[in-house]
There are 2 protein chains.
Amino acid sequence: MEKYRKIGFKLTPQRIAILDYLEGNNEHPSAEDIYKAVSERFPTMSYATVYNTMDALAEKKCVVELNIDTHKKRFDPDVRPHNHLICTKCSQVVDVFEKYSLDIPKEQRQGFEITGNLIEFYGVCIKCKNGFPKKTKE
Amino acid sequence: MEKYRKIGFKLTPQRIAILDYLEGNNEHPSAEDIYKAVSERFPTMSYATVYNTMDALAEKKCVVELNIDTHKKRFDPDVRPHNHLICTKCSQVVDVFEKYSLDIPKEQRQGFEITGNLIEFYGVCIKCKNGFPKKTKE
DNA sequence: CTGGCTGCAAATCTTTTGCATCCTG
DNA sequence: CAGGATGCAAAAGATTTGCAGCCAG
């Protein structure tokens, strides 16, 4: 926790509650997930605070924003380089730490300077395969 | 054009205008881009029609929906399997047709049945590198 | 004490929906 | 001529913003 203060991230009770929720969380929660979980402890918690906090954390590279859903940002508190495996039925996202080194042949780079890559694997998770899909909106 | 009618896709003047706009377009346009371009010819064109048409095309696999931006869907009229290279400064997206075969070791699959993958390469395009970034909102 | 943080409400942006009308096949 | 498509306006969902009051450093 001290590390946050050191990098100029002011710790408030709300922020600590969010950090607690994110600690070790590998469910790639959305802003809504975070809001719902944390507002149980902080009934006055607002979305503005969730978004502010997540923006600040992303800026300090303490969290990664995922563009997996089109119109719902999700957050990954694990900032180690890794890829994702996404269930096409229930949208669950799990981490894949296998390393892949990918290169684009020069002829195909179109002048870009490559800085990195992200692999999204798609599949069907074990629950959905067995006919017990986790409920989601879509 | 005949091929659309054959697969049960009813052709209206608006739809033909959208298809014309998409033909050979490799700029991965958003609904807004499509709406703006096509409504010049069809002043009464509505977003509802753009979304309806794109949904219908996606369902017939004539177009692919891209989740590159968080809350702005983009469309790719090129349905051949390929990956994308995205400029982190101006959000331009270019196609990469190099083939990569990626596999997740069994131990890391967590019971998933893998169906596919998508690679997003990140980089800085030649214009942004040279200090002439294409204007975007963000 | 001061600048950054909070929380409410209102605004914004993208996408969806309801529905009466229109027109392709 | 029937069923799907259109287009308007309103609704919905996610995120952002304005701003007054609060509190960590």
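Labels below follow one simple rule: chain letters A, B, ... track the order of the sequence lines, proteins then strands, and each chain is numbered from 1.
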Applying side chain to side chain donor-acceptor pair (under 3.5 Å), which residue pairs with at least one partner in residues 9-26 of chain A are found, sequence neighbours left out?
-> none
Is there a side-chain polar atom (N or O) of A:R15 under 4.0 Å from OP1 or OP2 of C:dG4?
-> no
Given DNA chain C, 5'-ward residue of the pair A:G8 and A:H71, judged by closest heavy atom | A:G8
Can you give the donor-acceptor pairs under 3.5 Å from side chains of residues 47-57 of chain A to other protein atoms, not counting sequence neighbours?
unit_1, atom_1, unit_2, atom_2, d
A:T49, OG1, A:S46, OG, 3.3
A:N52, ND2, A:A48, O, 3.4
A:T53, OG1, A:T49, O, 2.7

Correct closest heavy-atom pair for A:K129 and B:G111 would be NZ-O, 2.8 Å
Heavy-atom nearest pair, B:C125 first then B:Q92, reads SG-NE2, 3.4 Å
Say whether B:V93 and B:V96 are linked into one hydrophobic cluster, either directly or through other cluster members, by side-chain heavy-atom distances under 4.5 angstrom.
-> no
Closest non-hydrogen atom pair between B:C62 and B:Y4, with its separation = SG-CE2, 3.8 Å
Whole-Å distance separating the OH atom of A:Y51 from the C1' atom of D:dG18 | 18 Å
Rounded to whole Å, the CG-P distance (B:N67 to C:dT15) equals 10 Å
Can you tell me how far P of C:dC5 sits from CG of A:L19, to the nearest Å?
-> 13 Å
A:A31 side chain: which of D:dT15, D:dA14, D:dT16 is closest?
-> D:dT15
A:Q14 side chain N/O closer than 4.0 Å to the phosphate oxygens (OP1, OP2) of C:dG7?
-> yes
So what does B:A56 hit on the nucleic acid, given a heavy-atom distance under 4.0 Å: a base, only sugar-phosphate, or nothing?
-> nothing
Shared hydrophobic cluster for A:I104 and A:L102 (ILVMFWY, side-chain gaps under 4.5 Å) = yes
B:E65 CD to C:dT14 P, straight-line distance once rounded to whole Å | 16 Å
To the nearest 10 degrees, the angle between the two end axes of the helix from C:dC1-D:dG25 to C:dG25-D:dC1 (five pairs per end) comes to 50°
Please state how far atom NZ in A:K72 lies from atom P in C:dT14, giving the value in whole angstrom units.
-> 19 Å
Between CE of A:M54 and P of D:dT16 the distance, given in whole Å, is 12 Å
Could you state the CG-C1' distance from A:N52 to D:dA14, rounded to the nearest angstrom?
-> 15 Å
Just distance, no hydrogens or angles: give the donor-acceptor pairs under 3.5 Å from side chains in residues 77-86 of chain A, sequence neighbours left out.
unit_1, atom_1, unit_2, atom_2, d
A:D78, OD1, A:R80, N, 3.1
A:D78, OD1, A:R80, NE, 3.0
A:D78, OD2, A:R80, NE, 3.4
A:D78, OD2, A:R80, NH2, 2.7
A:H82, ND1, A:R80, O, 2.5
A:H82, NE2, A:D76, OD2, 2.9
A:H82, NE2, A:H84, NE2, 3.2
A:H82, NE2, A:D95, OD1, 3.1
A:N83, OD1, A:I119, N, 2.9
A:H84, NE2, A:H28, NE2, 3.4
A:H84, NE2, A:D76, OD2, 2.9
A:H84, NE2, A:D95, OD1, 3.3

Which atom pairs link the protein and nucleotides 8-11 of chain D when you take only N or O atoms and keep those under 3.5 Å?
unit_1, atom_1, unit_2, atom_2, d
D:dC8, OP2, B:T44, O, 3.3

Rounded off to whole Å, could you give me the CD1-to-P distance for the B:I7 and D:dG4 pair?
-> 16 Å
Would you tabulate the nitrogen or oxygen pairs shorter than 3.5 Å linking the protein to nucleotides 21-25 of chain D?
unit_1, atom_1, unit_2, atom_2, d
D:dA24, O3', A:L11, O, 3.3
D:dG25, OP1, A:R5, NE, 2.7

Treating Ile, Leu, Val, Met, Phe, Trp and Tyr as nodes and any side-chain heavy-atom pair under 4.5 angstrom as an edge, say whether A:I18 and A:V64 lie in one connected cluster.
-> no
Earlier contact from the 5' end, DNA chain C, for A:T49 and B:Y47 = A:T49
pair B:D103-B:I114: side-chain heavy atoms closer than 4.5 Å | no
